[in-house]
Amino acid sequence: MPVSLNTVISAFDTPSSLTPFVVKDIFDVTGRTVMAQNEGGKHEAREKFIEEAGTSLFWICGIPGVIWLANKLYKHKIDPKIHFKRINTEGIQSYYADELIKTAEEGKPHRFSAQDLEGIQLGGKKLGKIKDKLKKAGFKPNETKGFYGKYHKGVTAAAVLINLAILSVAIPQLNLYLSRKIISKEANGKNGGINKTPYDTLLFGNNKPKSMNHFLGKVNSDQNKEQSNGKKPSFGSIKDLFKFKEMIDFASKAEVVQLEPVSGMLLLDWGISGNRVIITPRNTNERVENIVKEGGIIFFFYYAAEVIKNGLAKLANKVFNVPIDLDYKVINNPEFLAKLRAPHNQEELLSFAPIEDPEAEIPKHLSKDKREALIAQRHSANEVSVIKMIDKELAKTSKGTPKEEVFKNFTLRMAQREGLIAVEYDDELGKWIRHSKKYIETEKVIVLNDNLRTFYEKALAKIGKADLAANIERIISKTKRMKIAAIFANMAICCTSVSYIIPKIQYMIREHRTQTKEAPGIKHYQEKAAKNELKV
């Protein structure tokens, strides 16, 4: 199979890859625009195209673009390659793990024991330079993250808010303005023109909320009755949307957005969806359609893929006895085949750090807080265990060892190939170390180990007493075929859903509620234009 095709398949199967989102977005824009043209006419098609295509650029590139620009402007003060999660964490990967100790006044135990820290690499030339940078920028263990903390939180907040303003205000209002202008010109062309008076939208002008109570639907005006076909819109607990401190923790968002751009896109999508459900609808019928549409988009863009992936993996495992939980990048790696074909001891191949299931055997009598504390403690213990194992392996590796061969352990070797672990050589220490600027998501390494173990044990069970070396290639080839089929089936389900099924449901709801195929918002404008009441 050509390398380029393997690269594409791997991109579709990588959780942090933007490729699936770009493809889904292309199908979404195309499908909705074509269906809008066929069902609702040219005005709806124009609005849908601007609404969907107009947001794509900022949705995909907006947050990374703002962060890139900020990094350029502050390159003399900050090293953007240092993962903020490594700075912000209070776990074992903190640069100051040996200093992260709760004081006696707080009545809490030390976060790490001497035994925990034994074998963990916390010093060296590269780590020392970073610690000096952090201290110069005001970092104080247990007290403040200094300039780095303020920078990452501030840039993330700015990136989100700037793009939300563009996606939730500028583009939607421009779209509505364009519709008002075109529809008004069509209706009033004979009479010499367009009504150039304040905007007729919920956000501006005549429909602008007089107060927050009005916006929350507590004031029932004649105008609201007219726009909702006599029914007062119900917003439920919409007040919760304004509790920004509870809703957005920019410190945690800064960690995640840097490592996984998809998380930033999801944050924007929640904002866009909120705007399309609450602010921009011209009447209740349009609001109902937007609830269906936005709910479908968020589900099939962000959540459905994982649900479908897990379902197909269970199906393949149960029906075909083929485990496809491993990422395609691992299965397709020539070293994966070579390692399994080579003579080896099974226990040695599958050896890994001692890991405890964080949610196993938790006493039922524990309160919610104690349960969560126990789970967090187990996660922390697992992280310590994995990091200690990584550092132990690296400590045994000589300087002349190629970077891609520093790990002998099967799981760690595959994790490095998958990009879950990065390493570098430290001249002062004279040995390989975990990359001084990067954070290792140990949970993903643990999941990879579980999947490798499952695959190998299933392969052994299938081969039985036959020669493993002679038959493992056949097993891997079959797994790759099943994996490819599952990847494209997953994409097909999601793309078909966002481009056809969800829009079709929208039009079915429209016809049921309005007894017409006309777009509620467009019809609202046309009715106002016919009475010469549409303001531009």
Would you give me the side-chain donor-acceptor pairs under 3.5 Å for residues 490-497, sequence neighbours excluded?
{"unit_1": "Asn490", "atom_1": "ND2", "unit_2": "Ala305", "atom_2": "O", "d": "2.9"}
{"unit_1": "Thr496", "atom_1": "OG1", "unit_2": "Ala492", "atom_2": "O", "d": "2.7"}
{"unit_1": "Ser497", "atom_1": "OG", "unit_2": "Ile493", "atom_2": "O", "d": "2.7"}

Original post:
Among pairs that include at least one residue of residues 414-442, which meet ring-ring contact (aromatic ring centres under 6.0 Å, His included), considering only residues two or more places apart or in two chains?
Top reply: Tyr425-Trp432

**OP:** Quick one: list whatever passes side-chain contact (heavy atoms from CB on, under 4.5 Å) with Lys408, sequence neighbours left out.
**Re:** Glu393

Original post:
Which heavy atom of Gln121 sits nearest a heavy atom of Arg434, and at what distance?
Top reply: O-NH2, 3.5 Å

Original post:
Does Lys24 count as lying over the ring of Phe21, i.e. NZ or CZ under 6.0 Å from the six-ring centre, within 45 degrees of the axis?
Top reply: yes

Original post:
Looking at Tyr151, is Lys77 sitting on its ring face, NZ or CZ under 6.0 Å from the six-membered ring centre and within 45 degrees of the normal?
Top reply: no

**OP:** Could you list the residues that satisfy side-chain contact (heavy atoms from CB on, under 4.5 Å) with Lys150, not counting sequence neighbours?
**Re:** none

**OP:** Mind listing the closest non-hydrogen atom pair of Ala486 and Leu312 along with its distance?
**Re:** O-CD1, 3.4 Å

Original post:
Which of these passes side chain to side chain donor-acceptor pair (under 3.5 Å) with Gln93: Arg86, Glu383, Lys85?
Top reply: Glu383

Original post:
What heavy-atom pair brings Ala159 and Asn163 nearest, and what distance separates the two atoms?
Top reply: O-ND2, 2.7 Å

Subject >> Heavy-atom closest contact (Ala353 atom, Ser385 atom, distance) >> reply: CB-OG, 3.3 Å

Under 3.5 Å, which donor-acceptor pairs link side chains of residues 124-136 to any protein atom two or more places apart or in another chain?
{"unit_1": "Lys131", "atom_1": "NZ", "unit_2": "Tyr95", "atom_2": "O", "d": "3.2"}
{"unit_1": "Lys131", "atom_1": "NZ", "unit_2": "Leu122", "atom_2": "O", "d": "2.6"}

Subject >> ring pair (Phe, Tyr, Trp, His ring centres under 6.0 Å) against Phe301, all qualifying residues, sequence neighbours excluded >> reply: Trp59

Original post:
Side-chain contact, heavy-atom cut-off 4.5 Å: Phe58 with Leu268?
Top reply: no

